[in-house]
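The structure appears right after this line, and notes come after that.
Atom set for the values below is all heavy atoms of this structure, side chains included, hydrogens, waters and symmetry mates excluded. Protein chains get the first letters and strands the later ones, always in sequence-line order, with residue 1 at the start of each.
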Amino acid sequence: MMAEQVYTVASDSETTGDDKVQFAFPDLAIGIDIGTSKCSVAIWNGTQVELLRNPRNQKLMRSYVLFKDDSPSGGVSEELAHGEQEIFSGSAVFNMKRFVGRVDTDPVVHASKTLPFLVQTLDIGVRPFIAALVNNVWRSTTPEEVLAIFLVELKAMAEVQLKRQIRHAVLTIPVSFSRFQKSRIERACAMAGLHVLRLMPEPTSVALLYAQQQQQSLHENMGSGTEKVALIFNMGAGYCDVAITATAGGVSQIKALLGCTVGGEDILQNVLRHLLPNFDTFCANHSMDKIKAMGLLRIATQDAIHKLSSQPSVNIDVDLGDGNKICKTLNCSEFEEVNGNLFEKCEKLIMQCLVDAKLTAEDINDVILVGGCSNIPKIRSLVLGLCKRENLYEGIDPLEAAVCGAALEGAVASGISDPSGSLDLLTIQATPLNLGIRADGDGFATIINRNTAIPARKDMLFTTAHDNQTEALIAVYEGEGKQVEDCQLLGYFKITGIPPAPKGAAEISVCMDIDASDVLRVLAGVILPGTQSTVSPFIEVRMPTLGDGHGWCAQALAKMYGSTLDLATIPKKLQ
Amino acid sequence: MTAPMIASPSQFLGLRIAPPLPRFAAPTSPRSATSLRSPGISAAYTAAAERRPADALSPAAPSPVASLYDVLGLPADATGQEIKAAYRRLARASHPDVVATDRKGTSADEFIRIHAAYSTLSDPDKRADYDRKLLLLGRHRRTVRRPTTQPSSSWAFSRSPSFPGYGRRTWETDQCW
């Protein structure tokens with residue numbers, strides 16, 4: 001303790017054990033779980049992961065930003081919480097994780113038009129217009145801005161408590177996020193003055209926590225160190241993810257990852273439409289009294305859904321004004337019927353993930369259920385049913401697991417080691433979506449398959465589609481489709497100086513490299529057929545390169561160049 | 001005037017991986033008190049001869065230097081359990097997340113190679129296929145090769161300035177704002 005005192009400059013507070021760690025690791029990254037509905041911050045305190053609390057003693061804080069007069073605020077550090085009615089008054093913007101990096105043709109954006117703030121779409125493939133009501137004026141904002149305002153508050157909260165500057169963070173993200181969406185999250189962090197050390201898919205963050213727990217129980221009873229396979233199902237307000245991880249000796253290997261845009265918000269909207277069949281038109285005009293009525297109905301319905309997790313039926317009684325009253329009893333079977341499609345999607349996701357991991361239910365040792373929807377009895381029963389299990393894994397807090405894993409990763413990736421060995425951890429991540437380029441017309445030629453362990457590097461040879469073609473366009477896509485129109489365009493660049501030759505003769509090498517931080521680089525160039533020699537310097541591009549309005553790029557390219565810059569795949573046996 | 005660059009793609013790819021030394025290949029002492037990030041591991045990996053990228057990327061084709069069993073430091077009759085254990089042990093020594101900062105670039109190559117070997121040998125069908133190919137070639141040696149040294153000048157030339165031995169800069173190409 002004496003030695004540490006020397007470094008305690010300009011601080012009159014007592015030196016605690018925590019401070020000691022902070023001084024020893026001034027760049028230790030914090031873990032942030034910025035959820036659709038709630039968010040939290042955690043840090044490795046030298047011996048274990050600790051969740052930070054706001055002045056209202058909350059570990060889980062609501063994700064919203066209230067635009068009031070000139071100062072938007074997320075209410076993280078305020079002494080008094082904003083009231084529910086204030087949050088649903090039109091002045092607050094929330095659910096931004098569902099909007100990040102989406103264009104106005106996206107069904108998810110359209111489904112969000114019933115939220116009590118302004119979401120306007122022109123349906124042409126640009127970012128949607130989002131606005132909050134300030135002094136009776138709709139003031140525009142962006143998902144990145146809202147997230148950044150919120151992140152600034154979380155960062156400030158952590159800096160006050162840890163008494164140091166925070167620079168690095170590990171954030172958890174949904175599995176289904178495209179690389180473009182990830183770049184928007186990084187953008188929001190940059191605006192908030194945070195450097196993103198890692199973006200971790202939520203279930204893989206839980207997998208890391210599970211690996212640590214397995215490692216610790218092993219230390220205690222000197223077990224055999226055999227591999228344990230866990231299925232992690234995570235469903236929050238905005239997204240649903242599944243991961244299968246094989247864990248032994250502190251190494252968690254992600255076998256398969258799958259996610260989709262289904263969450264508690266969809267459950268809520270299904271119930272709202274059930275209660276008020278003309279819900280969408282009711283919300284359409286965004287007048288003050290309609291927003292207020294929508295807010296009241298949202299609060300009552302949310303409350304009812306929570307109660308249905310522990311009781312068979314619940315009464316909903318809301319006065320929407322204009323003689324419009326909703327007075328209904330909602331029971332469990334009704335609730336499950338209304339959300340039948342959604343539960344089916346969850347089942348399909350789990351089954352597909354098992355297929356992808358080449359495993360069956362019998363191979364699963366532990367079933368871990370996390371996220372805000374994990375309390376819903378139907379979700380529990382369907383996950384357990386598909387895994388042929390009686391009980392869920394215990395010892396992981398469903399709402400805190402993701403942020404704890406992020407804090408662990410923050411410590412591991414910051415290079416901190418722990419004498420007790422509790423940071424001797426490693427997650428071997430997998431890439432959740434296929435990566436490839438446009439080839440053979442509008443086909444999607446996969447170069448790196450989904451569920452490939454990262455870091456990864458793959459190269460593939462392509463050839464020209466026309467005689468004497470001297471230039472070719474490398475258009476990089478990500479997704480599950482067989483055609484590029486079903487995938488997300490990440491960026492493109494042109495290869496020039498292809499020696500004139502009949503079509504199919506030139507050889508163009510395209511190499512994709514994903515490093516351990518999940519950064520994708522594409523390296524392409526012409527090589528002399530049958531040799532390893534390059535014709536001219538290769539081009540290396542970090543992806544994604546596209547900004548807003550990327551929905552238009554593919555169309556613009558097609559209009560300008562037609563098929564003149566096309567590439568074709570080379571049959572595998574010739575590669 | 002520009003002469004064509006005489007550089008093989010493998011030089012861009014910077015594949016420069018040594019087979020693991022027996023010290024790491026030995027199937028003993030899985031978890032010890034030492035940390036994952038213990039210093040000194042880096043010294044154990046030295047540069048080996050250049051090889052074509054196809055060898056590392058398509059594990060079905062046995063490389064001219066070392067078999068996939070050599071990569072994992074295992075005999076050809078290793079069990080599935082031994083393969084998994086060896087993979088984890090080597091991953092813990094080579095994954096960029098746990099190695100010293102100055103080795104991040106090369107450790108990705110090491111890890112990719114180890115993972116390629118593992119994914120072939122851990123799949124019974126792929127392994128049988130691979131074993132047949134080895135048998136046909138009749139050139140599988142059980143011994144783990146010592147890494148060969150090579151002149152430092154060619155080592156320097158073998159890497160492009162940024163691919164893949166880069167640091168992470170998120171601001172560099174963010175042109176949206």
Close side-chain approach of A/Gln429 and B/His95, heavy atoms under 4.5 Å:
no

For A/Ala248 and B/Arg88, the nearest pair of non-hydrogen atoms, with its separation, is O-CD, 3.3 Å

With rounding to the nearest 0.5 angstrom, report the OG to CD distance, B/Ser122 to A/Gln253.
7.5 Å

Please name all residues satisfying side chain to side chain contact (heavy atoms under 4.5 Å, CB included) with A/Ala524, sequence neighbours left out, ordered by chain then number.
A/Ile474, A/Phe493, A/Ile495, A/Val510

Can you tell me how far the CD1 atom of A/Ile428 sits from the CZ atom of B/Arg92, to the nearest 0.5 Å?
10.5 Å

Measure distances from A/Ala456 to the heavy atoms of chain B and classify the residue's part below 4.5 Å as side chain, backbone, both or neither.
backbone

Heavy-atom closest pair (A/Ala516 atom, B/Asp97 atom, distance to 0.1 Å) is CB-OD1, 3.8 Å

Not counting sequence neighbours, which residues clear salt bridge (Lys or Arg N to Asp or Glu O under 4.0 Å) with A/Arg179? List them please.
A/Glu478, A/Asp518

